[in-house]
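Just follow the structure's listing: the first ligand is 1, and inside any ligand the first atom is 1.
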Amino acid sequence: MLFLTGATGLVGGGVLQRMLRADPDLRVAVLVRDGSRWPGIPRVTPVVGDLLAPGLGLAADARATLAREVRLVVHAAADVVFSRPLDVARATNVEGTRRLLELAAEWPEVERITYVSTAFVAGRHTGAIPEAEADGAAGWVNAYEQSKWEAERVVRAAARPWVILRSSTIVCDDAAGTVSQFNAVHLAVRLLHRGLVPMIPAEGAATVDVVPAGYVTSAIAALAVRGDLDGRTVHLCAGRGALPVVELLEATWDVFARDAAWRRKALPRPVLTDLATYALLERSIEQTGDEALRRALRGLSHFAPQLALPKRFETAGADALLGAPAPPVRAYWTRVVEHLLAARWGIAA
Ligand SMILES: NC(=O)c1ccc[n+]([C@@H]2O[C@H](COP(=O)([O-])OP(=O)(O)OC[C@H]3O[C@@H](n4cnc5c(N)ncnc54)[C@H](OP(=O)(O)O)[C@@H]3O)[C@@H](O)[C@H]2O)c1
């Protein structure tokens, strides 16, 4: 039996579907906070619990069944909000992971724990980022990144064999560019469209590393069942297929400019700048900008500085294991922007 957390989320949900499809005999227990919202899925048993509760808050009978039957654990649940205070992010991401691992340490049949992490545990490091333990020395852009780095340390110290799979930022469902879950990247594109991003904190060589959910979930589903990856850290990232910010801006603008009404606004393209100048802009908008712009830039502030910290995630390990790299961002970015415009960013205008 597989014990999966985060099955109601974007990544966990995709992993669940793919693992069920790949193995017709697989049975899965999924940790859910609200059992009434779980749709019945054959071969899947919802187990009510919460990463924040001691022992995950599992009922005694569920705990006994899991102890008897679980062979694989895939931990994809997390608090993924970038703006959380550190103690809140830690409560779910670090202590929740610790609680799960403590339970798994008592389950005799567990062969491996697969921890779904983020490539951005690299935090403020720049340059080539290896598929290996990150030292944390450069610090992080937000508490989410830090809490995921701390959770990796908990996983690395686990009593059971583990593998860490680090996803880059997911921007669409698949290479068709469909978006079913909106996030900070999409918010940034929306602000660009409204002309609310006068500056982007990015040097000329900076790139944007993003991936489709399908690439990430199929990789996790494939790698979680392999028996030869214990102790490995793998990047599920665009890597060399990341798109330079300049090019991304160009492609985005091209899609916007197909609309004559938008063209008539003659919005200036954002200027690429350094972090210090961007921080000045943030401060001045905080003092004098309108409320919508202030709120928007506050949201971006937990994420935008990554653009000014150019890095390239190494993916040689992942590419060898999966037989191919992630699709290059250039191949689908235009379709993502088209989808965002058509879907109006999933929100009322
Ligand atoms: N999406 C990305 O771009 C991205 C990139 C890199 C890494 N990741 C990693 O991928 C994993 C999944 O992210 P996602 O994008 O799928 O996020 P998501 O769609 O927001 O899903 C988060 C999942 O975690 C569950 N969860 C949150 N707090 C919980 C708690 N206290 N107890 C039990 N379950 C809890 C949620 O359950 P409820 O339904 O009850 O809320 C949901 O199933 C995370 O570990 C994240 O760090 C994601």
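Using a 30° and 60° split on the angle between ring planes, Phe82 and Tyr144 fall in the tilted class, from 30° to 60°. The aromatic rings of His75 and Tyr115 sit tilted, their planes meeting at an angle between 30° and 60°.
Contact detail for Cys237 and Ala326: the closest heavy-atom pair is O-CB, 3.5 Å.
At under 3.5 Å, not a single nitrogen or oxygen of Gly12, backbone or side chain, sits near a nitrogen or oxygen of ligand 1. Remark: ligand 1 and Val80 share no N or O pair separated by less than 3.5 Å (distance only, no angle test).
For ligand 1, the atoms lying closer than 4.0 Å to a non-hydrogen atom of Asp50 are 30 (C), 31 (N), 32 (N). In the vicinity of Ser167, heavy-atom distances shorter than 4.0 Å reach the ligand 1 atoms 5 (C), 6 (C), 7 (C). Every atom of ligand 1 with a heavy atom of Thr8 under 4.0 Å away is listed here by number and element: 36 (C), 37 (O), 38 (P), 39 (O), 42 (C), 43 (O). Ligand 1 places these atoms under 4.0 Å from at least one heavy atom of Val116: 9 (C), 10 (O), 11 (C), 45 (O). Of all atoms in ligand 1, numbered sequentially from 1 with element shown, those under 4.0 Å from a heavy atom of Thr169 are 3 (O).
Looking at Thr217, Asn93, Asn183, Val11 and measuring to atom 14 (P) of ligand 1, the nearest heavy atom belongs to Val11. Relative to atom 23 (C) of ligand 1, the option among Ala53, Gly6, Ala151 with the closest non-hydrogen atom is Gly6. Among Glu145, Arg33, Glu95, the residue whose heavy atom lies nearest to atom 29 (C) of ligand 1 is Arg33. By heavy-atom distance, the residue among Gly13, Ala78, Gly49, Ala213 lying nearest atom 22 (C) of ligand 1 is Ala78. Closest heavy-atom approach to atom 15 (O) of ligand 1 among the candidates His75, Arg166, Lys148, Gln181: Gln181. Selection from Tyr144, Phe120, Trp38 by nearest heavy atom to atom 8 (N) of ligand 1 gives Tyr144.
Among all protein heavy atoms, the one lying closest to atom 11 (C) of ligand 1 is Ala76 O, 3.0 Å. Considering only non-hydrogen protein atoms, atom 7 (C) of ligand 1 sits nearest to Ser117 O, 3.3 Å. Ala77 CB, 3.7 Å is the protein heavy atom nearest to atom 34 (N) of ligand 1.
Note on ligand 1: Ser168 sits in its first shell, one or more heavy atoms being nearer than 4.0 Å.
Side-chain atoms of Arg156 and Thr233 form a donor-acceptor pair, as typed in the model, at a separation below 3.5 Å. For the residue pair Arg166 and Thr118, no side-chain donor N or O sits within less than 3.5 Å of a side-chain acceptor on the partner.
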Requested in this report: Might you work through the side-chain hydrogen bond (donor to acceptor under 3.5 Å, both in side chains) test for Thr178 and His339, ending with a clear yes or no?
Outcome: CA-CA 6 Å; Thr178 314; His339 181 87; 4.8 Å; no

Report task. Verify side-chain contact (heavy atoms from CB on, under 4.5 Å) between Asp79 and Arg84, making sure each step is shown before the conclusion. Result -> CA-CA 9 Å; Asp79 185 334; Arg84 297 275 194 243; 2.7 Å; yes

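In the hydrophobic cluster analysis, where Ile, Leu, Val, Met, Phe, Trp and Tyr join through side-chain heavy atoms closer than 4.5 angstrom, Val255 is grouped together with Tyr332.
The hydrophobic cluster containing Trp140 also includes Val121, Trp149, under a criterion of side-chain heavy atoms closer than 4.5 Å among ILVMFWY residues, counted directly or through chains of members.
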